[in-house]
Amino acid sequence: MIQMKEFSFQYASGKRPALKDIDLEIRPGDFVGVIGNSGAGKTTLTYAINGIIPHYYPGDFYGSVLVDGMDTVETKPEQLAGKVGSVFQDVDAQMVASYVEDELLFGLENFGVPKDEIEGRLQEALQRTGISDLRYREIESLSGGQKQKVAVAAIIALRPDVIVLDEPTGELDPESSEQIFRLLKSLNETYGTTIVVVEQKVGLLCGYAKRLVLLDQGRIVMEGPVREVLKSADRMEEIGIHVPRVVSLYKELVRKDLFHGAAPIHTAEAEKMMQEVLS
Amino acid sequence: MKGLMNYFPGDTFLHRMDPRSKILFSLLICIACFVTNDLYVLLGVFVLDLLIGVFGGIFKQALKLLKGLLKIAVFLFILQALVVCTGEPAFYIGKLAITWDGLKTALLGVLRLIDITLPLALMISLTRMSDLSNAMVSRWHVPYKYAFAVTSAIRFIPVFTTDLNGIMEAQTARGVEFDTRNFFKKVGLIVPLCVPLLISSVKKIETAAMAVELRGFNLRTKDSSSKVAKFRLPDYLLLLLGLGLIVLTVLL
Amino acid sequence: MITFEQVSFGYIEEGSTLKDLSFTIEKGSITALIGANGAGKTTLAKLIRGLIRPTSGRILFNGKDISRMKTSTLAAHMGYLFQNPDRQICKNTVGEELDFTLEKTVPEEAERERRKAEVLEALQLDPEGEPFLLSRGERQKIALASALVHRPELLILDEPTTGLDYKECTQIMEYVKILNQQGVTVVMVCHDMEIVLDYSDHVIVMHDGRITADGLTRTILRDAKVLAASALLPPQIIGLSALLQADGYTGFEEVCTVDEMTACVEAYRREA
């Protein structure tokens, strides 16, 4: 679905490359979590997928980025938009309308969806995100979690193959954050939508993502299935990435030679690990 | 905070009318008020304004607007009453004569101000901005870019207000005396805060621009809108009423 | 340090209200305010700071009713870090930013310079740095620095770690901890239960404008019922120890951290 080959990018205003020598393949149906410290290049990676770079922010672009076979340099962002839907960090700023319904209509109308199909697509998107009851609400009156769902609904109304999200739970409480990730998971499992999500809360992410990409200073340090990456928890700590506590526990138990299995990705798995250790 | 230019949701016949006819009607009233010098016509229009409030289910809002206008109106009334000094004197303030002509001109001026402001403000309260811009783009062929710029600007007002209040609060917490009662001092303290406000606004607008572009802004044409505005009988009647009013004022 | 006596805020018709809150925050403590979005945490923090005034009830700061004090006067005694650092920062350089706070709160010139140097050093900030060219994490540090440079008695932090990576987060919280050890009382609104567990000693749980629990961090975070009722999740290790208890293992009742858990496992295996 997405292929990056020897891809590097330096913003015209930047002093050093934001991303360097990126080789990454994301297959259809993947659920990829992108982690890393601030300044590691996470947002730039999302910009590379949706065509914001090089089209919106100019700079030095090396290598290639292909989305469903289309070269992002040669394809206009709005053409890519049919394939890739984007949710930005600042959810308030990315809203175009005052009402939920209009927010969804904007994209549908722009992309010339036939008028007799619009109503169906609109209802489908609201239903898939579980916000059918918010259709006529004013966006200003919604909670942070609800706004985030509206942003996702406005994107999936356009039926993209890939959704790219930049810290969608940044300002949400734990319960709303879980809700957003449950939503992403259901889109991924039920409709096969490929998900690429940047997230600081590694503990949360590990419970949902299938793969992790760990960036540090513009380079991919680790990439692979969640469990594989978590095995190198030491390396993550070294870089300064939050390691979920159950993984720290796992590491401790392995170090003391008490456990030899795979790393747990959430508490339920940690429970199984403990049962084994205690038996 | 529900201020001027805010949409008040509802389902009255005024809400359902074509946005264009509502705006045109307000403009026709404006013209009529400028043309006429007849006190009774202006009073009639004033009643009409209040009726819009009643039929639109926003009478309370209309009164609130009126209250706001009243301050300016009183100021204007006094000013005009003092300036015009032809005709019979009505009474004296010290040596200054206040004439009947002056009072009449002042009253006309004030009524005119209210009659012109109210319909447009009320009609906008009864119209969704997106419907208005859609109608202007698809029917009047206003370039979408301009219509979008205007609607976005209006949409961003509450966002910026929240931002400014947040900034003032943050600075108060650091000991800036925004809790002073001195108005001029307060203004003086607000001005330097425009820098953070501007910076956060520029960031927001940049994100907004990217988001809009990725959702096909450039692909939009005048026929993109799925809601098509259409003149129906009430629209024609409303416009007829507006035109009738102008004819009446010219004849009188 | 802070006492709330039956404090209510807001009007019922407007929805966002705090209802009849009474509690005390002890001098020298680090108290975390936790709860779902919209529970009233930020409103409570602003009440403590005097940015908004209660509709009924009294708030005492060191025994004095704060409704009798001007918000700007309270600045010398309290520091407040806002959720969004960009609303706080208004000067062109880090140094000027700190001076801005100091000139209103600390009268002596020498003392100002001393405090500024100390904070710059502790948070590794460059006084010539231009805030708006720096990253979100750096700006958060600058905002924090300007909130505490005058060494207030009480420091109120509204989500100090939102938008920061783990490294920046630890750096900020470690400094807050040091200040606390030097006698500064801290109140923080926080969503991250791991940070609440690691750094606070007291917790006030809020739900729907009311306080649903108030007590020691380790006690409250182990109370699954209270957390669930307020739409909160326990920190991972506490959640895990609860699961183990439910499975019938004993000896895990007090476990909160990774070290405690490993120690418990070893003890358990020795016994077996």
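Below, chain A is the first sequence line, B the second, and so on; all start at residue 1. Everything quoted here is computed from the prediction, not taken from an experiment.
The parts of A/Ser98 that come within reach of chain B are both its backbone and its side chain, each placing non-hydrogen atoms under 4.5 angstrom from that chain. Contacts of A/Gln79 with chain B are absent, with no heavy-atom separation under 4.5 Å from either backbone or side chain. Heavy atoms of A/Ile155 lying under 4.5 Å from chain B belong exclusively to its side chain.
Under the side chain to side chain contact (heavy atoms under 4.5 Å, CB included) rule, A/Asp90 has a single partner from B/Glu206, B/Lys203, B/Lys204, which is B/Lys204.
Contact check for A/Glu78 versus B/Phe217: no side-chain heavy atoms found under the 4.5 Å cut-off. Residues A/Phe111 and B/Arg220 fail the side-chain proximity criterion, which asks for heavy atoms closer than 4.5 Å.
Atom OH of A/Tyr62 is surrounded by 12 or fewer heavy atoms from other residues, nucleotides or ligands within 6.0 Å. When the shell of 6.0 Å around OH of B/Tyr146 is examined, it contains 12 or fewer heavy atoms from other residues, nucleotides or ligands. Within 6.0 Å of atom CD in A/Glu171, 12 or fewer heavy atoms from other residues, nucleotides or ligands are found, so the atom counts as exposed in its surroundings. Shown here is B/Phe231, whose CZ atom has more than 12 heavy atoms of other residues, nucleotides or ligands within 6.0 Å. For B/Phe13, the CZ atom counts as densely surrounded, since its 6.0 Å shell holds more than 12 non-hydrogen atoms of other residues, nucleotides or ligands. With a 6.0 Å radius and a threshold of 12 heavy atoms from other residues, nucleotides or ligands, B/Phe160 has its CZ atom above the threshold.
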Side-chain atoms of residues 29-43 of chain A: list all donor-acceptor pairs with protein atoms under 3.5 Å, sequence neighbours left out, distances to 0.1 Å.
unit_1, atom_1, unit_2, atom_2, d
A/Asp30, OD2, A/Arg27, N, 3.1
A/Asn37, ND2, A/Ile239, O, 2.8
A/Ser38, OG, C/Asp165, OD2, 3.2
A/Ser38, OG, C/Glu168, OE2, 2.9
A/Lys42, NZ, A/Gly36, O, 2.9
A/Lys42, NZ, A/Asn37, O, 3.0
A/Thr43, OG1, A/Asp166, OD2, 2.9

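The distance from atom CG of B/Leu214 to atom CD of A/Gln94, rounded to the nearest 0.5 Å, is 10.0 Å.
Per-residue heavy-atom pair counts under 4.5 Å with chain B were compared for A/Lys76, A/Gln89, A/Met95, and the maximum is reached by A/Met95. Between chain B and the options A/Ala97, A/Ala151, A/Gly107, heavy-atom pairs under 4.5 Å are most frequent for A/Ala97.
Using a 4.0 Å cut-off between charged nitrogen and carboxylate oxygen, A/Asp102 and B/Arg128 count as a salt-bridge pair.
Scanning both residues, A/Tyr56 and B/Ala209, for their nearest heavy atoms gives OH-CB, 3.0 Å. Nearest approach of A/Val96 to B/Val212, heavy atoms of both residues: CG1-CG2, 3.2 Å.
A cation-pi arrangement is absent between B/Arg215 and A/Phe106 under the rule of less than 6.0 angstrom and at most 45 degrees off the ring axis.
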